[in-house]
Amino acid sequence: MKEYLEPQIKTACGRTFGAELNSRNIPIAFEKPKVAEHGDIATNIAMQLSKTFKKNPRQIATEIVAQLQFDSSIVEKVEIAGPGFINFHFTKNYFQNELKTILEIEKSFGKSFANKGKKAQVEFVSANPTGPLTVGHGRNAVFGDTVARLLEWSGYDVTREYYFNNAGRQMRVLGDSVRLRYLELIDEKIRFPQFSNNDASNFANALSVGEIPFPEDYYQGEYITDIAKSLHTQFGDSLRNENAEGKFKQQAESEIFEDIKKTCKRLGIAFDVFFNENTLYETGMVKEVIEEFKQRGVAYESEGALWLKKEILGSEKDKVIVKSTGEPTYRLPDIAYHREKIRRGFDLMIDILGSDHIATYPDVIAGLNALGENEGANKIKVLIHQFVTILQDGEVVKMSTRKANYITLDELMDEVGADVVRYFFLMRSIGSHLNFDLKLAKEQSDENPVYYLQYAHARIASIIRFAAESQEPRPKSQTVDFSMLKEEAEISLIKMLRTFPEIVENVATNFEPHLLCEYLHEVAGVFHKFYHDHRVVTDNKELTSARLDLCSGAKIVLGNGLAILGITAPEKM
RNA sequence: GAUCCCGUAGCUCAAUUGGAUAGAGCAUCAGCCUUCUAAGCUGAGGGUUGCGCGUUCGAUUCGCGCCGGGAUCACCA
């Protein structure tokens, strides 16, 4: 549409305003009007020009329209409306032909090759292996995977990556938590009333009566006991004097990781790369970064620590990258990691982060720039999503892996299924705080919005099955006469379907899958309306064929759209 | 104190990046199955877009100032 109209309007404007216009170089913007009466596409060019030419926009519009000439088989009428919009109405014939394209391209309808040959990387989830994935991780996981799918649909070769760290205090505590549970299994007395490490009197008291205290800030989830049990099955009592960071930590890490991968798989997510932070030390990347920072004079030592200067960070104060203990802070490996990504030659790198990390990524970008990686840093796109608030019985559940106060993604999927989970996380813009009411999600599982889409798909499949059973198959040579489709419900369905590629492109450029959800919901709605108003399979062979093809078109769009969202498109419900 | 996100119908959220009459779902009410899936369709009610200025032909959208909610501001990640 735009492709057809743009040059015509340009020449018309040229004829009206001459060279003066060309010097201004005003782009012609099109938009799809909200209301059907305002046509299929509209431009506000007359309003744009009214400033420069100091003329009434409606007057300008009239002059432009007078210069326009169109193929009457494509454009039905042109109207000037409102403050100065030029509205274009296209012919039914034009839309009928559009349906053919959809049917021909089928599975790739909506795909673009704009980024063919380019490599993209999406880093998401990236939760350290200290416990099962919770509902809180769900939004990150599902959104990240969907962004990856969108990039694939726009032509990118996509790497899905999970970054993790299996060192540090967090993991030591995890190992020791397992160790204590193990000792409990082999009959050591562990005292579990909740008290903290620094509660000295309680601690001493426990030890004095021969009990080993289980600190409050240790991991309290049941899965810790499960890991201890599996160690007990393998090794019996022989680990009594084993170090927390030995077998206990290793076993915990590997079991938890397996668990995480399984959860992701259930959600339709498969990572290509699990990147261990430790690699950055092994390959010398971290050291290299430190040296270079020093060389470039942006880092200095003080109080036994290594600091990065605020000037390059653009922050209020200098920040530590290596602690006085010799351990790096998260900034350093993060910078090294992103440099590593840049070196792998991606054209686009996306980080999916929760809002709790919002303050950290500017440091990473600044660090990269300080290393002279400006070009690479420009290819990094950070997408921040707001938190999911879990509501149970109207109360906010504060999630904490350590306190075992969480609802796992698996539990959620057990309740409502992976499709509902994915849809629920995708249907809202990532900038808004998502309220996940568990009670509601369970109760409404029967009337969840995702079923509306799936039902439309299944319904179409059913119609097509019915037609195949009750009718002679149409000979391949016989072409379908799409001019049979002229009812309002039919045309508006085609209009809806044909915009799919535009929607995908828009959603993929702006990383806003929720708009695809909305669009598909609308497609389903328009289809249901069509179904309700008109019978597909009738004695009229010609009409039946045309309507069946229209159904197929709708099925393609719904199917492809659901595929991008990672949601199944059932043939039956 | 500073930075970022959010504030829209009773509830959960949209709004084509500045457009025309601000829309969906849930909930409430009233209709529609002898016919291809009623997990559907049709209709009704429900709004000072948190408040106030400003920018312009035009503001839910952009700017400034308040109010309210969330997140972050470590030698934690």
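Keep in mind it's a predicted model, so treat the numbers as computed, not measured. Each chain gets a letter, A, B and so on, in the order its sequence line appears, and its residues count up from 1. Just so it is clear, the values below take in all heavy atoms, side chains as well, and ignore hydrogens, waters and symmetry mates.
In this structure, A:Phe85 does not pack face-to-face on the six-membered ring of B:G19, missing the 5.5 Å centre cutoff or the 30° plane limit.
We find that CZ of A:Arg169 is positioned 18 Å from P of B:A74, with the value rounded to whole Å. Per the geometry, CG belonging to A:Asp363 stands 14 Å off C1' belonging to B:C4, to the nearest Å. Distance A:Leu515 CG to B:U16 P: 8 Å, rounded to the nearest Å. In this structure, A:Lys323 places its NZ atom 14 Å from P of B:A74, rounding to the nearest Å.
Side-chain proximity of A:Asp356 to the nucleotides B:A20, B:U72, B:C41 is greatest for B:U72. Side-chain atoms of A:Ala359 lie closest to B:U72 of the nucleotides B:C41, B:U72, B:C5. For A:Met47, the side-chain atoms get nearest to B:G19 when compared with the rest of B:A39, B:U21, B:G19. Comparing atom distances between the A:Pro83 side chain and each of B:C36, B:A71, B:C57 picks out B:C57 as nearest. Comparing B:C5, B:A14, B:C57 by their closest approach to the side chain of A:Arg428 singles out B:A14. Side chain of A:Tyr451, nearest nucleotide from B:C75, B:A39, B:A20: B:A39. Nearest to the side-chain atoms of A:His433 among the listed nucleotides B:U16, B:C75, B:C5 stands B:C5. Side chain of A:Ala81, nearest nucleotide from B:A20, B:A14, B:C36: B:A20. Of the candidates B:U35, B:U37, B:C41, the closest approach to any side-chain atom of A:Tyr452 belongs to B:C41. Nearest to the side chain of A:Trp307, among B:A20, B:C75, B:U37, sits B:C75.
B:A9 and B:A74 have their P atoms separated by 37 Å, given to the nearest Å. B:U28 and B:G65: their C1' atoms are spaced 40 Å apart (whole Å). Comparing the same atom, P, in B:G54 and in B:C11 gives a spacing of 31 Å after rounding to whole Å. Taking atom C1' in both B:C62 and B:A2, one finds a spacing of 23 Å when rounded to whole Å. Taking atom C1' in both B:C6 and B:U12, one finds a spacing of 14 Å when rounded to whole Å. Between the P atoms of B:U34 and B:A39, the separation comes to 15 Å (whole Å). If you take atom C1' in B:G25 and the same atom in B:U8, they sit 15 Å apart, rounded to whole Å. Using atom C1' as the reference point in both B:A71 and B:A24, the two lie 28 Å apart (nearest Å).
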Dump the intermediate steps for side-chain hydrogen bond (donor to acceptor under 3.5 Å, both in side chains) on A:Asn44 and A:Glu31, then the final yes or no.
-> CA-CA 8 Å; A:Asn44 62 355; A:Glu31 61 183 35; 5.3 Å; no
Check step by step if ring pair (Phe, Tyr, Trp, His ring centres under 6.0 Å) holds for A:Phe527 and A:Tyr452.
-> CA-CA 11 Å; A:Phe527 173 77; A:Tyr452 187 72; over 10 Å; no
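For B:U16, the OP1/OP2 oxygens have no side-chain nitrogen or oxygen of A:Lys32 closer than 4.0 Å. The side chain of A:Tyr455 places no N or O atom within less than 4.0 Å of a non-bridging phosphate oxygen (OP1 or OP2) of B:C41.
For B:U8, the O4'-C1' to base torsion is more than 90° from 0; the nucleotide is therefore anti. B:C41 has its base anti relative to the sugar, with a glycosidic angle deviating from 0 by more than 90°.
Across all strands, A:Ala456 comes closer than 4.0 Å to no nucleic acid atom at all (heavy-atom distances).
Screening A:Tyr330, A:Phe164, A:Phe275 for a ring-ring contact (aromatic ring centres under 6.0 Å, His included) with A:Tyr337, the sole residue that qualifies is A:Phe275.
If you check distances only, the side chain of A:Ser324 does reach the base of B:C75 with a donor-acceptor pair under 3.5 Å.
When atom types are taken as modelled, the side chain of A:Ser462 and the backbone of A:Ala458 share no donor-acceptor pair closer than 3.5 angstrom.
Atom CD of A:Glu277 sits about 12.5 Å away from atom CE of A:Met285, to the nearest 0.5 Å.
Judged by a 6.0 Å distance limit and a 45° cone about the ring axis, A:Arg498 is not positioned over the six-membered ring of A:Phe95.
Under the 4.0 Å criterion applied to side-chain N and carboxylate O atoms, A:Lys495 and A:Glu98 are not assigned as salt-bridge partners.
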